[in-house]
Amino acid sequence: MRDYPLQKVRNFGIIAHIDAGKTTTSERVLYYTGSQHKIGEVHEGETTTDWMEQERERGITITAAAITCFWSKTEEQDKKDASKKYRFNIIDTPGHIDFTAEVKRSMRVLDGAIVVFDGVAGVEPQSETNWRYADEAKVPRVCFINKLDRTGASFEKSFHSILDRLSKSAVRMQIPIGAEEKFEGVIDLLKMKAYRFEGNMGDAVIEFAIPEAYLPDATKYRAELVERIVEHNDALMTSYLDGKEPSLEELNATLRGAVIDNKIFPVYTGSALKNKGVQLVLDAVVDYLPSPLDMPPVKGINPKDGKEVERHASDSEPFCALAFKLQADPFVGQLTFFRVYSGIVEAGSYVYNSTTGEKERVGRIVRLQADQREEVKTVYSGEIAAAVGLKNTKTSHTLCDENNPIILEQIHFPEPVISMRIEPKTKADQEKMGIALKKLSDEDPTFKVSTDAETLETLIAGMGELHLEILVDRMKREFNVEADVGKPQVAYRETIQKEAEAEGKYIKQTGGRGQYGHVRLRIKPLEKIVEGAKVRKNITREDHFEFINNIKGGVIPQEYIPAVEKGVREAMERGIVAGFKLVDISVELYDGSYHDVDSSEIAFKIAASMGFQDAAKAAKPVLLEPVMKVEVVTPEKFMGDVTGNLNGRRGQIEGTEERGLARAIRATVPLAEMFGYTTVLRSMTEGRASFTMEFDHYEVVPPSVSAAIVAERK
């Protein structure tokens, strides 16, 4: 029997830009829900959710941590009554762009999210990326404008940045009493009550009448809020227009439906560090974020017949779960995090991996409290847990009942944009390094390991310098592997800019049976590229390639067609301009010939490779480089120096805005120009400026820069 009914379960994540206060908020959640008796602080390196050594040393979140806790609402009298408590399964995600995969996969398995914003900065670059991931996954959200106690904090400014840059559907649920050092509490606009937070750690929530000075604003904003809510209920709208005030219950029920449908995003405020406002956000999770029962059934494909099938959040339906994260654990081996969408799974039972077609035994099941584990015998639908003992299950694999197979949609991750050489320091490290790299790349889908075909060096690729630095550090600490790494390299790509045709012929006579393969290929850009303009934004799909088989009348037998495609793919990997992978190309095989005796798969593969290379050389090949979205926050007096420097790095300034007493400059800059920028920026601004950077799109490299890259590669 499950301990908690499904309608009292909430699976949500805490997401934000780096330094907005996610982990501090998570620690308050753990404290107020009774899971921790002491609040861990990021600046003291004692947090529960940031449990890795690297996280505590750097004061940032690197890996998503799962925690389970229980909450009964603030106004409910008997806090100890278990029947009134709600079960929260929370994932605290990283804010740094280099670890964006953690946010992406967490969004896929969560039913809701608390989006935390810095009260001074408002919406920041990673806030936009996380919001986009949540939009893609259709995750309902509650917003929390944090750090209102900071100098320069402004609720209204931050709220308007949400409206301008994220969604017009955000609504004020609260307004603050005071700001900066005078921030005292919040006003709930629906209930028209004020709250302050007293006691040892702000755990006493005191309700009082709204101060006279705030009544006009509160009345005005409440009217706005009620209007926004009744828009989503025709009956309420009609009675409201007739002058009848809806009841609090009606407003709450309508608002809940609108939040679950992603039509309204409620905005709360407070200061997690000063222990103000967090409990009311937890009440909002209960009131407005969905339980698994409120979410539409999960859809997938039946691998037997290719038809779409659904699974509802119910223990009585066939078992279906998605593995969304792997984690190497020094004590129990590999942990596989999974979200159960339907049915139940028991420790010791067998599950069917429909992605690989294999059966696997679930040895043990643990519920996680960051790095602490609690063993459980059964996991029910709507829950998140981790399994020990799954050997061949990877991120994005579907686990299900063998008699009722289903494959859920896979999670798509961004492609790496930066790579570097890595080599073991000693012979003893060599074997260990292979094992460590395999485990780390299984854990992190944005971390790729490959071998350079020419130099036979091992290359590691990731989302940024910090990403690779952390992974090399983890190899040293967790796997005892000492390794030397080279300088970071940009992951350039190549593409073509016009159509071209070519013939590939491979004929070899060796006495006896020879080799014969002959193809005619037509290639063109997947999407028309205007010379020098932006190439398709947000290239994240793994396959930037289309193969069209247009062979008529059997001029090439069907069994040789896959070999032709394989030959083209291998030629694309080798590149034309400077040996970088070719992307965004459509290849059409339209003619050719074969020999009854001498033709073979290998002959057609070589012929296709030769033909593709000739066609690509004639199709105006160009280099593409990753272009980053950069935001620099600097005191106003350094604005000219910073913008001048960015322009000198081939950057394009897209806009500036006030950010408290500082100015924020938004620009796009090629990644190749951004190495070592931290040092330059600090020396230029007396150490007072900071910047954030994330991948935006690939763009054609200017001819002068391209010539230098080609010369260096040769």
Side-chain angles (χ1 to χ4, degrees), residues 301-308 355 357 407 410 412 415 453 493-530 535-536 539-577 579-622 624 698:
I301 300 293
N302 184 333
K304 289 180 180 171
D305 55 21
K307 289 182 180 164
E308 189 175 85
T355 312
I407 297 180
Q410 295 218 334
H412 295 290
E415 288 280 289
R493 296 277 182 266
E494 297 178 15
T495 194
I496 56 170
Q497 291 188 307
K498 65 176 193 175
E499 291 190 27
E501 292 184 11
E503 179 179 40
K505 224 173 205 180
Y506 181 65
I507 304 171
K508 196 173 183 184
Q509 285 305 134
T510 52
R513 186 178 170 179
Q515 297 283 4
Y516 184 93
H518 174 218
V519 297
R520 290 179 188 272
L521 301 172
R522 187 179 291 124
I523 70 171
K524 62 179 181 182
L526 251 186
E527 287 183 21
K528 194 69 185 159
I529 297 165
V530 181
V535 181
R536 196 159 48 137
I539 295 181
T540 53
R541 286 210 318 276
E542 285 187 17
D543 223 7
H544 313 287
F545 169 63
E546 178 182 49
F547 182 76
I548 302 163
N549 173 15
N550 244 345
I551 290 296
K552 305 277 193 301
V555 293
I556 296 176
Q558 198 58 40
E559 65 262 31
Y560 298 135
I561 305 295
V564 173
E565 183 177 346
K566 195 172 179 192
V568 169
R569 281 183 181 273
E570 286 183 8
M572 284 177 70
E573 288 290 334
R574 292 195 293 274
I576 298 295
V577 182
F580 295 104
K581 182 180 174 181
L582 279 146
V583 293
D584 292 337
I585 296 178
S586 174
V587 178
E588 181 190 354
L589 169 64
Y590 68 93
D591 198 6
S593 62
Y594 75 104
H595 189 280
D596 283 336
V597 178
D598 290 352
S599 282
S600 66
E601 285 189 6
I602 190 76
F604 272 99
K605 188 173 128 182
I606 294 168
S609 180
M610 290 160 62
F612 176 82
Q613 286 191 313
D614 290 345
K617 283 171 187 166
K620 208 170 175 194
V622 286
L624 299 174
Y698 271 94

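- The CD1 atom of Ile585 sits 8.0 Å away from atom CG of Leu526, with the distance rounded to the nearest 0.5 Å.
- Heavy atoms only, all atoms of each residue included: Ala616 and Ile576 are closest at CB-CG1, 3.6 Å.
- Here CD1 of Ile606 is found 7.5 Å from NZ of Lys508. Values are rounded to the nearest 0.5 Å.
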Can Phe580 and Leu624 be said to form a side chain to side chain contact (heavy atoms under 4.5 Å, CB included), step by step?
CA-CA 9 Å; Phe580 295 104; Leu624 299 174; over 6 Å; no

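- Smallest separation of non-hydrogen atoms from Asp614 and Ala502: CB-CB, 3.9 Å.
- Heavy atoms of other residues, nucleotides or ligands lying less than 6.0 angstrom from OH of Tyr594 number 12 at most.
- Put simply, the side chain of His518 reaches to within 4.5 Å of the side chain of Ser593, judged on heavy atoms.
- When every heavy atom of Val568 is checked against every heavy atom of Val587, the shortest pair comes out as CG1-CG2, 3.8 Å.
- Interatomic distance, Ile561 CD1 to Phe604 CZ, rounded to the nearest 0.5 Å: 8.0 Å.
- Counting heavy atoms from C-beta outward, Ile548 and Ser586 have side chains that approach closer than 4.5 Å.
- Here Phe545 contributes atom CZ and Glu565 contributes atom CD; the two are 5.0 Å apart, rounded to the nearest 0.5 Å.
- Considering only heavy atoms from C-beta on, Thr355 comes within 4.5 Å of Gln410 through its side chain.
- When every heavy atom of Tyr516 is checked against every heavy atom of His595, the shortest pair comes out as CD2-N, 3.6 Å.
- Residues Ala607 and Gly517 approach most closely at CB-O, 3.6 Å, considering heavy atoms.
- Note that NZ of Lys617 and CD1 of Ile496 are 14.0 Å apart. Values are rounded to the nearest 0.5 Å.
- Among the candidates Glu588, Glu499, Glu546, Glu503, the single residue satisfying the salt bridge (Lys or Arg N to Asp or Glu O under 4.0 Å) test with Arg522 is Glu588.
- Residues Arg569 and Glu573 are not paired through a salt bridge, judged by the lack of any N-O separation under 4.0 Å between the basic side chain and the carboxylate.
- Closest approach of Ala500 to Ala615, counting heavy atoms only: CB-O, 3.4 Å.
- Classification of Glu601 and Lys566 as a salt-bridged pair fails, no side-chain N sitting under 4.0 Å from a carboxylate O.
- Glu494 places a side-chain N or O within 3.5 Å of a backbone atom of Val577 that can act as its donor or acceptor partner.
- Between the OH atom in Tyr506 and the CE atom in Met610 there is a gap of 8.5 Å [rounded to 0.5 Å].
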Would you please test Val583 and Tyr698 for side chain to side chain contact (heavy atoms under 4.5 Å, CB included) and show each step?
CA-CA 11 Å; Val583 293; Tyr698 271 94; over 6 Å; no

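- Within the 4.5 Å cutoff, the side chain of Glu570 has no heavy atoms near those of the Phe612 side chain.
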